[in-house]
Amino acid sequence: MDPLDRSTWTDFERAAAGVLDGLEPGDLVTYGEVAVEAGYPGAARAVGSLLRRGSGAGFPWWRVISASGKLLVDHEVEQACRLRAEGVVVSNGRVGPTRQPGR
DNA sequence: TATCTGACGATAG
DNA sequence: CCTATCGCCAGAT
């Protein structure tokens, strides 16, 4: 199926897309949260996979982070930039004020 | 239909 | 706090 064509999306993809579409600027959610909200608890990996393939489908992937609050290691710069633009504080590739490392 | 992979999550060390 | 292992679901080959 084509990630850009919703007509080919499965129930899971439509549900996940609905959750992602329901997010608003500054809102952060984990893959597990999206999976639960979509009605597919435990499908965190599937959510990540969907975002990865649908990076050009208009998914607010930057608002989705890991349960540890970590950003995408391969896109942390892009994601951090977008999050900061929405008022989200990102430090050291992590959301929120940097706490531990250092010192 | 079977097997492998992957923007993950949680627990153990 | 970081790394390693197991379990989870969906998609691709």
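What you see is a predicted model, and the numbers here were worked out from it, not measured in a lab. In what follows, every chain begins at residue 1, and chains take the letters A, B, ... in the order their sequences are listed.
Heavy-atom distances under 4.0 Å link DNA chain B to A/Leu72, A/His75 of residues 70-85 of chain A, given in residue order. Contacts of residues 28-39 of chain A with DNA chain B (heavy atom under 4.0 Å): A/Thr30, A/Tyr31, A/Gly32. Less than 4.0 Å separates DNA chain B from no heavy atom of any residue of residues 19-26 of chain A.
Heavy atoms only, all atoms of each residue included: A/Gly54 and A/Phe59 are closest at O-CD1, 2.8 Å. Looking at every heavy atom in both residues, A/Lys70 comes nearest to A/Arg94 through CD-NH2, 2.8 Å. Scanning all heavy atoms of the two residues, the minimum distance from A/Ala38 to A/Ala16 falls at CB-N, 3.7 Å. Across all their heavy atoms, A/Gly42 and A/Ala35 have their closest contact at N-CB, 4.4 Å. Among all heavy-atom pairs drawn from A/Thr30 and A/Ala67, the shortest one is CG2-CA, 3.7 Å. Residue A/Ile65 comes nearest to A/Gln79 through the heavy atom pair CG2-NE2, 3.7 Å, listed as atom of the first residue, atom of the second, then distance.
In this structure, CG on A/Leu83 lies 5.5 Å from CG on A/Leu28, to the nearest 0.5 angstrom.
Without hydrogens or angle criteria, A/Glu13 side chain to A/Thr8 main chain gives no donor-acceptor distance under 3.5 Å. Judged by distance alone, the side chain of A/Glu37 and the main-chain N or O of A/Val19 form no donor-acceptor pair under 3.5 Å.
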Just the dot-bracket of DNA chain B, please: which string comes out with Watson-Crick or G-U pairs under 3.5 Å, [ ] for crossing, | for another strand?
.|||||.||||||
Step-by-step side chain to side chain contact (heavy atoms under 4.5 Å, CB included) determination, A/Val64 to A/Leu20
CA-CA 8 Å; A/Val64 186; A/Leu20 296 170; 3.6 Å; yes
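Residue A/Tyr40 contributes atom OH, which lies 19 Å from atom P of B/dG9 at whole-angstrom precision. Atoms CD (A/Glu13) and P (B/dA7) sit 16 Å apart, rounded to a whole Å.
When the side chains of ILVMFWY residues are joined at heavy-atom separations under 4.5 Å, either directly or via intervening members, A/Tyr31 and A/Val36 end up in two distinct hydrophobic clusters.
Side-chain atoms of A/Trp62 and A/Glu86 include a donor-acceptor pair closer than 3.5 Å.
Note on A/Ser68: nothing from the nucleic acid sits closer than 4.0 angstrom, heavy atoms only.
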Using atom names, set out every protein N or O paired with an N or O of nucleotides 3-6 of chain B below 3.5 Å, distance rounded to 0.1 Å.
| unit_1 | atom_1 | unit_2 | atom_2 | d |
| --- | --- | --- | --- | --- |
| B/dG6 | N9 | A/Arg45 | NH2 | 3.2 |
| B/dG6 | N7 | A/Arg45 | NH2 | 2.7 |

Short N/O separations, protein against nucleotides 4-6 of chain C, under 3.5 angstrom:
none

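Between A/Thr10 and C/dG11 there is a side-chain N or O to OP1 or OP2 distance below 4.0 Å.
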